[in-house]
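FYI, side chains are in, hydrogens and waters are out, and symmetry mates aren't considered; it's all heavy atoms of this structure. Naming: A, B, ... by sequence-line order, numbering from 1 per chain.
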Amino acid sequence: MGGRMVADYRPEIIEPKWQKYWEEQNFYQTDEKKDKRYYVLEMFPYPSGRLHMGHMRVYSIGDVLARFLRMRGYSVLHPMGWDAFGLPAENAAIERRVHPAEWTYANIETMKKQQKALGISYDWEREVATCDPDYYKWTQWLFLLLYKRGLAYKKKAAVNWCSKCETVLANEQVEDGKCWRCSEEVVIKDLEQWFFRITDYAERLLQDLKLLSGWPQRVRIMQENWIGKSEGAQIRFTVQNSQKEIPVFTTRPDTIYGVTYMVLAAEHPLVEELIAGTEYETEVRAFVEKTRKLTEVTRTSAEMEKEGVFTGAYCINPVNGSAVPILVGNYVLMSYGTGAVMGVPAHDERDFEFAKKYNLPIRVVISPEGTELKAEDLTEAYVEEGVLINSAHFDGMPSEQAKEEIIKYLEANGWGKKEVTYRLRDWLISRQRYWGTPIPIVYCEKCGTVPVPEEELPVKLPEDIEMKEGGRSPLAQCEEFLATKCPDCGGKARRETDTMDTFIDSSWYFFRYADAKNDKAPFTREKADAWLPVDQYIGGIEHAILHLLYSRFITKVLYDAGYTSAVEPFTRLLAQGMVNKDGAKMSKSKGNVVSPDEIIEKYGADTGRVFILFAAPPEKDLDWSDRGVEGSYRFLNRVWRLVDRYAGAVQAKSNKAPDGEDQELRRAFHSALKKVTEDIEERFNFNTAISAIMEAVNAAYSYQNIKGDNIHPGVMKEVLELLVLMLAPFAPHLGEELWQRLGHQASVHLQSWPEYDEKALQVSEVEIVVQINGKVRGRLHVPVGLDKDAVQKLVLEEGQIARHLEGKEIVKVISVPDKLVNLVVR
RNA sequence: GCGAGAGUGGUGGAACGGCAGACACGCUAGAUUCAGGAUCUAGUGGGCAUUACGCCUGUGGGGGUUCAAAUCCCCCCUCUCGCACCA
């Protein structure tokens, strides 16, 4: 460096400096003036304590996008908030004897500080916290909206209970039979609970997945599977010597003539009626007892041995009048279809296994075209399509057609009807917890269940409560909260003590950001329509079903009620990958945790951001590498030194015409700009965008080695400015600092994203690859745009090539202009 | 079992059907330095050569399409994720 005094890159100084500047200027306040608008949203975090690398990754991705789009001339909404209700706050309260609110708000403070230290460009004026009464007032409003629309109801049902969390859980929150939060084995309890009627929206939630072309396919498929639509028929069998009917759901009405038995779920209400007072009573009851004790997991696992027991009763197949035995089986679920299954062993694997075990008859009614299967020859069920046999007047009909025809036949005779069922269940939203949004309902001795009127919202959580381990929800023990007056008659009433599932809080927060300070309404339609739907949503794949499905549902309810014109909440979804270390998830027990704090402290936020974006494409898992971080730090240092060296020199005036090296330098930066622009805009490939900037910087170093101080000031100025502008969304603090050092007053983040100069990209000469029979045998430098024949002539003159052609005959010549010539020889 | 995605150097990862391995890490050598670190320069898939910027080989395995395949098609293997007695 020739004794020059070099100012070092000192992120620990420049980062706080610019963060302070942004804060004081309220720099990232949303500009609502422009017509071009873009809503970038990262999933808001649960305030668990401190940020982890997953947070750092998702915010870095969102921030690059937000900053880039602002430079592209968009008004960008980029808010942040807190999914602040939830069980950990209550656990902390018990363990550390602090109020959940205190714990939560302290965490929010910490994490907010960390986000600011990362230099993320949030509009903090729109910050929301779901535990804030100003927010949950509107969550309660939302509940009332659903209640009014008949979408919130209370019923007694067999529900999932986590005894560790001491609350019920929605189906979506049971993973592999365990609680999604604490992994405790879930048990089934019969309880009176509040539900949201999400099943009313099953078909729309399914159909509108088609609108979500901006979502990863796997997320759409997961939702599709979760909704689990299946089409078929409901068919009613009549119990022999009785008026009682057993409706069954089947997707294979074409196999109706193959029914040889009937199986009921252990919970089926008819079971008791059928056996009462019969010789089968004891045995069946024992079986039912045994089955009901099993958890849902064991019962629904495919390895579970199928068992059943005969009830002594028979029912009549409506199409042929044949009587078939009724059994109770452990593989039939009360929660799906009608809780009863018609047994067609010849054409269903499970039925086949069951029939073999209990020696039930097997009747073949579908055969592959041209053959006739025999029941005694079957070693497994024939589940394919085929042609009907042994099916009265449907014989000979293809099974696909028979599905339709048999449904018509059933309908015509009043035996059944076409039916569609879904796997999706209604959303159980009651939680027996304190730290959540209270359900705004009171129970009046006279009037019964009464919704709290809107003007009385919010129903506030009592602050003065005692958190105890075990036992019932604190709300149920808080007389001050419980006792109230009936809004209708003014008489004595008691409040609902359940709070809402926190997934309700997060199913509408993206609307609130559009109008965060509104105290008259959750948001106005005008403001919502100005921003919603979210253009780009970014978050972890773990929410593929839960949060994303609930949000879609609530958005549709709001749409139906006229509060928004958005049919779907999130136009594009980026499911970012995990951050691992040494091939494993970071965890305290493995001792492989790297925290954002230590990275900021050691290298600065810009380095951390650049590394996390450079190490892998955003949707893929990323393996954290301490060495890699150092590489990113080195890169930013290289940028710093380059700008530092020439920041003064570029201010000089010069009329010198750019020479070849100057032009080459311009070409390197403009082609990097082109690539960076495309990579951010079209593909979110931040890793290759950064590598393109690195290449340009490498080119600048080569230029420096050749030219030293004898640079072209105009060209150097141009490329350094391009460099800083391109880097600014990735490394915003460094961007500001260097932009200022290049002599600019206004912030780099207020600049327009540069346009690349097409002319700078042009080259006069190109390298042409010469292949012989597809193998590279040489290269040739030719003027750009040289025509085929001329290129071919040059190729044949080339010594290296001629050598390979000796004694061979050229059969064919393939030419790709300015790129390649392939000689096919024999 | 079903569905989706992925398999490329020592490592993270690049490659509109057209030079495989950009960029980075690591490593090697050199420069600088008292030394180390930092920095700069050069090299770095494997093999054979080193008279040659020469040859062979190479993107999980096997076939195919094509002048040309990591990329398209078929079969198989492995891994990850999701679903899983859904009638």
Side-chain angles (χ1 to χ4, degrees), chain A residues 1 6 8 175-176 216-226 228-230 232 248-252 255 263 265 299-306 329-333 335-344 348-351 353-354 421-424 541-542 544-545 575 577-578 583 610-611 614-617 619-632 634-635 637-638 641 675 685 687-698 701-702 704-705 767-779 800 803 811-816 819-825:
Chain A
M1 289 283 166
V6 180
D8 288 338
E175 293 170 351
D176 217 11
Q217 191 194 206
R218 71 185 155 139
V219 177
R220 295 201 310 253
I221 289 172
M222 279 161 80
Q223 293 218 351
E224 194 179 316
N225 291 341
W226 189 263
K229 179 179 184 174
S230 55
V248 297
F249 173 73
T250 178
T251 53
R252 294 297 301 272
T255 65
V263 197
R299 277 183 74 181
T300 55
S301 104
E303 291 85 53
M304 173 83 186
E305 175 77 19
K306 288 176 185 43
N330 63 357
Y331 72 100
V332 178
L333 308 172
S335 57
Y336 186 81
T338 60
V341 174
M342 61 183 213
V344 187
D348 182 282
E349 285 170 35
R350 296 153 302 178
D351 295 349
E353 193 189 320
F354 193 74
T421 63
Y422 300 88
R423 202 185 80 122
L424 184 70
I541 188 75
E542 68 273 18
I545 292 176
M578 290 194 306
V610 166
F611 171 71
F614 176 65
E619 68 281 1
K620 284 183 71 177
D621 286 351
L622 175 158
D623 204 64
W624 187 270
S625 147
D626 294 330
R627 298 271 203 190
V629 183
E630 283 178 35
S632 296
R634 274 205 285 274
F635 165 62
N637 268 289
R638 272 164 78 78
R641 286 196 305 271
K675 173 120 179 91
N685 280 9
N687 56 331
T688 49
I690 292 170
S691 77
I693 302 174
M694 286 173 170
E695 282 184 76
V697 170
N698 291 345
Y701 269 76
S702 300
Q704 173 183 261
N705 286 332
E767 188 181 75
I768 291 204
V769 171
V770 183
Q771 297 181 330
I772 292 170
N773 286 346
K775 283 189 178 165
V776 181
R777 293 299 180 190
R779 316 145 190 274
Q800 284 298 334
R803 196 163 63 89
V811 189
K812 197 172 172 185
V813 180
I814 313 283
S815 287
V816 182
K819 231 176 204 169
L820 169 142
V821 173
N822 188 11
L823 305 173
V824 186
V825 303

Rounded to whole angstroms, how far apart are CD on A/Glu224 and P on B/rG82?
18 Å

When the C1' atoms of B/rA52 and B/rC25 are considered, how many whole Å apart are they?
34 Å

Would you give a per-nucleotide map of nucleotides 13-25 of chain B, 5' to 3', where B means the base has a protein non-hydrogen atom under 4.0 Å away, S means only the sugar-phosphate does, and - means neither?
SSSB-BB--BBSS

OP1 or OP2 of B/rA87 under 4.0 Å from side-chain N/O of A/Ser230
yes

Nucleotide forming a Watson-Crick or wobble pair with B/rA6, both distances under 3.5 Å
B/rU78

Rounded to whole angstrom, note down the C1' distance from B/rU78 over to B/rA24.
28 Å

Do the side-chain N or O atoms of A/Lys775 get closer than 4.0 angstrom to the phosphate oxygens (OP1, OP2) of B/rU57?
yes

A/Lys306 to A/Tyr331 six-membered ring, cation-pi geometry met (6.0 Å, 45°):
yes

Spacing between A/Phe611 atom CZ and B/rG12 atom P, to the nearest angstrom
12 Å

With the side chain counted from C-beta on, respond yes when A/Thr255 and A/Met342 share a heavy-atom pair under 4.5 Å apart, and no when they do not.
yes

Taking the C1' atom in each of B/rU65 and B/rU71, what is the distance between them to the nearest angstrom?
13 Å

Should we count CD of A/Glu767 as having more than 12 external heavy atoms under 6.0 Å?
yes

Rounded distance in Å between the P positions of B/rA29 and B/rG7:
35 Å

Scanning all shown strands, the Watson-Crick or wobble mate of B/rG58 with both distances under 3.5 Å is none

Can you check the A/Lys229 NZ to B/rA87 P distance for me, whole Å?
13 Å

How many Å lie between CD on A/Glu542 and P on B/rC81, as a whole number?
14 Å

Yes or no on side chain to side chain donor-acceptor pair (under 3.5 Å) for A/Arg638 and A/Asn698, after CA distance, side-chain angles and deciding distance?
CA-CA 9 Å; A/Arg638 272 164 78 78; A/Asn698 291 345; 2.8 Å; yes

Where the side chain of A/Val332 is defined as all heavy atoms beyond and including C-beta, which of B/rU41, B/rC85, B/rA87 is the nearest nucleotide?
B/rA87

Under 4.0 Å between a side-chain N or O of A/Arg777 and OP1 or OP2 of B/rC56?
yes

Closest non-hydrogen atoms of A/Ser230 and A/Thr251, given as atom of the first, atom of the second and distance, are CB-CG2, 3.9 Å

Watson-Crick or G-U wobble mate for B/rA42, both contacts under 3.5 Å:
B/rU28

I need the CD-C1' distance between A/Glu349 and B/rA84, as an integer number of Å.
12 Å

Can you tell me, in whole Å, how much space there is between the C1' of B/rG13 and that of B/rA6?
14 Å

Rounded off to whole Å, could you give me the CG-to-C1' distance for the A/Leu333 and B/rA87 pair?
9 Å

Hey, is B/rG10 sitting syn or anti, using the within-90° cutoff around 0?
anti

B/rG3 to B/rA14 separation - P atoms, rounded to the nearest Å:
28 Å

Would you say A/Asn822 and A/Val813 make side-chain contact, with heavy atoms under 4.5 Å?
no

Between B/rC81 and B/rU66 - P atom distance, rounded Å:
40 Å

Closest nucleotide of RNA chain B for A/Met342 versus for A/Trp226: which of these residues is on the 5' side?
A/Trp226

Among B/rU41, B/rC85, B/rG82, which nucleotide has an atom closest to any side-chain atom of A/Tyr701?
B/rU41

Under 4.0 Å between any heavy atoms, over every strand shown, what does A/Arg220 touch: base, sugar-phosphate, or nothing? Just pick one.
nothing

How about A/Leu823 and A/Arg777: do any of their side-chain heavy atoms sit closer than 4.5 Å?
no

Do the side chains of A/Val629 and A/Ser632 get nearer than 4.5 Å, heavy atoms only?
no

Mate of B/rG12 across any strand shown (Watson-Crick or G-U wobble, both atom pairs under 3.5 Å) is B/rC23

Any strand counts, and the cut-off is 3.5 Å on both contacts for Watson-Crick or G-U wobble. Which nucleotide pairs with B/rG1?
B/rC83

Distance test, side-chain N/O of A/Asn637 to OP1/OP2 of B/rA38, below 4.0 Å:
no

Quick one: A/Ile545 CD1 to B/rC83 C1', roughly how many Å, whole number?
8 Å

So does A/Arg423 get a side-chain nitrogen or oxygen closer than 4.0 Å to the phosphate oxygens (OP1/OP2) of B/rC83?
no

Using whole Å, what does the distance between atom C1' of nucleotide B/rA84 and atom OH of A/Tyr336 come to?
13 Å

Provide the distance between the two C1' atoms, one in B/rC73 and one in B/rA84, to the nearest whole Å.
31 Å

Taking the nucleotide of RNA chain B with the nearest heavy atom to each, does A/Ser702 or A/Ile221 sit closer to the 5' end?
A/Ile221

When both distances are under 3.5 Å in a Watson-Crick or G-U wobble arrangement, the nucleotide paired with B/rU65 is none

Does A/Asp348 reach the main-chain N or O of A/Asp351 with its side chain, forming a donor-acceptor pair under 3.5 Å?
yes

Verdict with supporting geometry, A/Val821 and A/Ile814, side-chain contact (heavy atoms from CB on, under 4.5 Å):
CA-CA 6 Å; A/Val821 173; A/Ile814 313 283; over 6 Å; no

Any strand: nucleotide that pairs with B/rC34 via Watson-Crick or wobble, under 3.5 Å:
none

Identify the nucleotide, in any strand shown, that forms a Watson-Crick or G-U wobble pair with B/rA49, with both distances under 3.5 Å; if there is none, say none.
none

